[in-house]
Amino acid sequence: MAETYTDARSFDDPNTPAIEPSISTVEGLVIKHLNSTEAATSGTGVYTPFLNQNAGGSGVVNYASQGFNSEDSSITSQAAAAAGLDVSDNGTTSIRLGDIPIVVIGGVSYYEVALDINEENNAGFDALGQPNRELEISEFQIYTSSRQATLSDYNSASYETRALGSDDSVFSLRFDLDANGDKAIRLFDAGNGGGKDDYIIYVPVTQFAGVSTDSYFTLFTQFGPNPVEGATAEEFRIQNTSQITGTKFLDVNGDGIRQVNGADGNAATT
């Protein structure tokens, strides 16, 4: 069955102000295409890349790029290429669910992941006759687990239905773009430049109900082949988040002493 495309591109439309981004939804994801003024620049203290695909092209098969994030030492660029993957060992690392910022849109909570794509910036066509500046996400799977993924966990024969592990006993599949039929997301490189976000992808928090924030968050993606993956790297990243730890207690009168029902004393922490 042919893929069903969700169009997340943003073209110059004289009837749509340039400052208004396009927003698409697919399988519960909310996808926002940023214009050049909205695009954030990556860098120390701003964004942390966790998956960088396009390690020089050696792992690209049939004009497509596949990869997943991990900091396991077995996943070097060379080893990944030998397994049919296209992962750079620079800018690819493991992350935990609790590392990902949460935003609320229309009363719904989402995990926020940014994507920088870098397609050819000319108006020509790729090797398959598709516009150079376009790109597709043809696989998008999210797993949680108690340990990070290794190369031995990758299923090259069944990646379209399950890329990591054989069942949910270790790697629980929390989101699959193709869960209800073969789907792809059509992207467009608006020329924000390398190191700047092109898209924000919002994943519903409800997909991870009951999952510990200490669980590993592993994203498997494929870019291409229609249109093909070209030019330089695609990079997923997250905003750096901070956690506050400590103890708070009731102190109605502000004297620094814990209180129970308004009376000073050694109350239990709240």
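Values below: all heavy atoms of this structure, side chains included; hydrogens, waters and symmetry mates excluded. Since the model is a prediction, treat every value here as computed from it, not as a measurement.
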Could you tell me whether the side chain of [X] and the main chain of [Y] form a donor-acceptor pair under 3.5 Å?
X      : Y      : value
Ser138 : Gly224 : yes
Gln222 : Ala64  : no
Gln148 : Glu71  : yes
Ser215 : Val211 : no
Asp176 : Asp178 : yes
His33  : Phe188 : yes
Asn69  : Leu219 : yes

Give, for atom [atom1] of [X] and atom [atom2] of [Y], the distance between the pair rounded to the nearest 0.5 Å.
X      : Y      : atom1 : atom2 : answer
Arg174 : Tyr143 : CZ    : OH    : 12.0 Å
Asp153 : Ser166 : CG    : OG    : 9.5 Å
Asp116 : Glu235 : CG    : CD    : 6.0 Å
Phe217 : Ser94  : CZ    : OG    : 12.5 Å
Leu177 : Leu29  : CG    : CG    : 7.0 Å
Asp168 : Ser145 : CG    : OG    : 11.0 Å

> Relative to each other, are the rings of Phe220 and Phe68 parallel, tilted or perpendicular (30° and 60° limits)?
Replying inline: tilted

> Once the angle between the rings of Tyr110 and Tyr202 is folded into 0 to 90°, is it parallel (under 30°), tilted (30 to 60°) or perpendicular (over 60°)?
Replying inline: perpendicular

Do the side chains of [Y] and [X] get nearer than 4.5 Å, heavy atoms only?
X      : Y      : result
Asp198 : Leu34  : no
Tyr159 : Glu139 : yes
Glu136 : Asn226 : yes
Glu27  : Asn180 : yes
Phe223 : Thr221 : yes
Ile137 : Leu115 : yes
Leu164 : Asn155 : no
Leu173 : Arg162 : yes

Do the side-chain N and O atoms of [X] and [Y] include a donor-acceptor pair separated by under 3.5 angstrom?
X      : Y      : answer
Glu234 : Gln53  : no
Gln207 : Tyr111 : no
Thr76  : Asp89  : no
Ser70  : Asp72  : no
Gln239 : Glu112 : yes

> Should the pair Lys32-Asp197 be classified as a salt bridge under the 4.0 Å nitrogen-to-oxygen rule?
Replying inline: no

> Is Arg96 close enough and on-axis enough to Tyr216, meaning under 6.0 Å and within 45°, for cation-pi?
Replying inline: yes

>> Using side chain to side chain contact (heavy atoms under 4.5 Å, CB included), reason through Thr25 and Ile31 one step at a time and then give a plain yes or no.
In response: CA-CA 6 Å; Thr25 58; Ile31 305 164; over 6 Å; no

> Thr144 and Phe171: side chain to side chain contact (heavy atoms under 4.5 Å, CB included), yes or no, with the steps?
Replying inline: CA-CA 6 Å; Thr144 58; Phe171 293 94; over 6 Å; no

For [X] versus [Y], what's the shortest heavy-atom pair and its separation?
X      : Y      : value
Ile75  : Ala149 : CD1-O, 3.9 Å
Ile185 : Ala8   : CG2-CB, 3.8 Å
Pro49  : Thr93  : O-CG2, 3.7 Å
Thr150 : Ser74  : CB-OG, 4.1 Å

> side chain to side chain contact (heavy atoms under 4.5 Å, CB included) between Val170 and Arg147: does it pass, once the steps are laid out?
Replying inline: CA-CA 8 Å; Val170 178; Arg147 64 170 176 83; 4.0 Å; yes

> Do Phe236 and Ile238 share a hydrophobic cluster, counting only Ile, Leu, Val, Met, Phe, Trp and Tyr and linking them when any side-chain heavy atoms are less than 4.5 Å apart?
Replying inline: yes

>> Under the criterion side-chain hydrogen bond (donor to acceptor under 3.5 Å, both in side chains), I'd like the reasoning laid out for Gln66 against Tyr154: C-alpha separation, chi angles, the key distance, then a yes or no.
In response: CA-CA 11 Å; Gln66 299 177 355; Tyr154 172 58; 2.5 Å; yes

> Passes side chain to side chain contact (heavy atoms under 4.5 Å, CB included), Leu97 versus Asp214? Steps please.
Replying inline: CA-CA 6 Å; Leu97 189 62; Asp214 288 332; over 6 Å; no

